[in-house]
Amino acid sequence: MPRKLVVANWKMHGNLSANRQLLEAYIQKLKPLENVDIVVCVPYPYLAQAQSLLAGTSIAWGAQNLSKDLVGAYTGEVSVGMLQDFGATHVIVGHSERATAYCESDENIATKFMQAKSHGLTPILCVGETLIEREAGVMEMVVAKQIDTIINTYGASMFANAVVAYEPIWAIGSGLAATPEQAQNMHEFIRGRIAAHDESAANSLKILYGGSVNSQNAVQLFVMQDIDGGLIGRGSLTAEEFEGICRAAN
Ligand code: 13P
């Protein structure tokens with residue numbers, strides 16, 4: 001069975017002293033877990049802090065967004081090269097909280113994915129449907145469009161060794177996670193969609209589930225065939241809860 005991957009997405013939480021406490025607790029509690037890969041995606045200003053505390057540990061760090069451009073007059077943006085300067089190995093792209101609040105198109109998200117991938121960072125592409133879309137039965141169509149934009153623009157080989165996170169919007173922060181079967185069905189659909197173009201890329205891709213994962217429901221989700229780990233919001237903000245989730249994956 002391939003190693004699981006658990007990614008913490010702190011979103012806009014934290015400050016220097018709280019982060020230090022949390023990261024030190026992560027280091028101590030997660031150290032014995034040798035069969036799971038762990039990444040923490042921090043707000044931009046704390047990348048240097050993550051680097052200085054996590055370098056030399058088994059926990060990697062990353063960012064929650066990046067610019068689609070490499071350099072230039074783009075006020076407020078952060079480039080892939082800047083993330084690499086601080087040792088980031090992963091970057092979340094297309095999180096629904098950004099896509100809706102900042103009107104990110106599938107095309108922009110695809111470009112960000114390509115920039116990360118082609119510069120050696122592992123992109124974590126977030127996809128997922130709203131509750132209305134699920135109730136209308138069009139969730140696969142919605143997710144297919146997000147995936148296909150990348151396939152059609154840059155080719156399915158972009159997904160080799162990358163990460164997709166299936167995050168149904170209705171499950172994020174709601175306390176109502178998808179059932180293991182709902183998640184498994186969508187993960188299988190995503191892998192199949194990519195495999196139709198590039199089977200080896202699809203097999204090397206990790207597909208994470210995100211949305212109200214906690215230490216109680218993590219095992220049932222992670223045992224599913226196509227669920228390769230989790231993208232964790234609230235559950236990553238306390239070391240005890242995050243440890244429980246990482247243990248489930250381990
Ligand atoms: P929660 O775990 O808080 O539901 O958030 C999920 C998420 O959006 C991770 O990116």
Side-chain angles (χ1 to χ4, degrees), residues 4-14 18-19 22 26 30 36-44 46-47 50 59-66 83 88-102 104 109 112-113 116 121-131 133-134 139 142-143 146-147 162-180 182-183 186-187 190 206-222 224 227-249:
K4 302 278 185 200
L5 169 65
V6 177
V7 181
N9 175 10
W10 283 2
K11 308 190 179 181
M12 199 174 71
H13 292 284
N19 297 350
L22 185 54
Y26 274 16
L30 305 179
V36 56
D37 294 318
I38 299 167
V39 180
V40 50
C41 291
V42 302
Y44 289 142
Y46 303 121
L47 277 171
I59 304 171
W61 58 97
Q64 301 169 13
N65 182 35
L66 84 167
L83 300 183
T89 54
H90 290 69
V91 60
I92 296 170
V93 298
H95 194 287
S96 58
E97 286 159 6
R98 292 198 54 81
T100 43
Y102 307 101
E104 286 203 79
I109 292 165
K112 291 178 176 194
F113 186 93
L121 245 73
T122 303
I124 302 168
L125 172 74
C126 298
V127 299
E129 79 286 354
T130 62
L131 188 57
E133 289 163 342
R134 175 158 285 266
M139 59 272 185
V142 171
V143 169
Q146 296 170 319
I147 299 282
V163 179
V164 171
Y166 170 54
E167 297 207 307
I169 293 169
W170 47 272
I172 296 175
S174 66
L176 182 75
T179 65
Q182 285 173 324
M186 184 63 85
H187 286 220
I190 292 168
K206 286 212 191 296
I207 308 180
L208 310 184
Y209 168 76
S212 298
V213 178
N214 57 44
S215 57
Q216 303 304 307
N217 62 18
V219 169
Q220 293 100 292
L221 288 160
F222 295 165
M224 303 307 281
I227 302 186
D228 300 316
L231 180 55
I232 317 299
R234 180 170 299 276
S236 69
L237 297 178
T238 57
E240 293 70 26
E241 188 64 14
F242 193 55
E243 178 195 5
I245 295 166
C246 292
R247 269 192 193 281

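Counting convention: from 1, in listed order, for ligands and their atoms alike. The structure displayed is predicted, hence computed values, not measured ones.
Residues Val42 and Leu47 meet the side-chain proximity criterion, which asks for heavy atoms closer than 4.5 Å. At a threshold of 4.5 Å between non-hydrogen side-chain atoms, the residues Glu97 and Tyr102 do not count as touching. Counting only heavy atoms from C-beta outward, the side chains of Ser236 and Val40 never approach each other to under 4.5 Å.
Against a heavy-atom cut-off of under 4.0 Å, Arg234 is close to the following atoms of ligand 1: 1 (P), 2 (O), 3 (O). Atoms of ligand 1 lying under 4.0 Å from at least one heavy atom of Ser212, given by number and element, are 1 (P), 2 (O), 4 (O). The ligand atoms of ligand 1 that sit less than 4.0 angstrom from a heavy atom of Glu167 are 6 (C), 7 (C), 8 (O), 9 (C), 10 (O). Residue Asn9 has at least one heavy-atom neighbour below 4.0 Å for each of these atoms of ligand 1: 9 (C), 10 (O). Interface of Gly233 with ligand 1, defined as ligand atoms under 4.0 Å from a residue heavy atom, comprises 1 (P), 2 (O), 3 (O), 5 (O), 6 (C), 9 (C). Taking a cut-off of under 4.0 Å to the non-hydrogen atoms of Leu231, the atoms of ligand 1 that pass are 9 (C), 10 (O).
Within the 4.0 Å heavy-atom cutoff, Gly211 counts among the residues contacting ligand 1. At a 4.0 Å cut-off, not a single heavy atom of Gly235 sits close enough to ligand 1 to count as contact.
Considering only non-hydrogen protein atoms, atom 5 (O) of ligand 1 sits nearest to Lys11 NZ, 3.1 Å.
Side-chain atoms of Ser215 never come within 3.5 Å of backbone atoms of Glu241 as a donor-acceptor pair (strictly under, hydrogens ignored).
By the ring-ring contact (aromatic ring centres under 6.0 Å, His included) test, Tyr46 pairs with no residue at all, sequence neighbours left out. Among residues two or more places apart in sequence or in another chain, the side chain to side chain contact (heavy atoms under 4.5 Å, CB included) test is passed with Asp37 by Arg3, Leu5.
Note: no N/O pair closer than 3.5 Å links Ile172 and ligand 1 by distance alone.
The two residues Ala239 and Leu22 come nearest to each other via the heavy atoms N-CD1, 3.6 Å.
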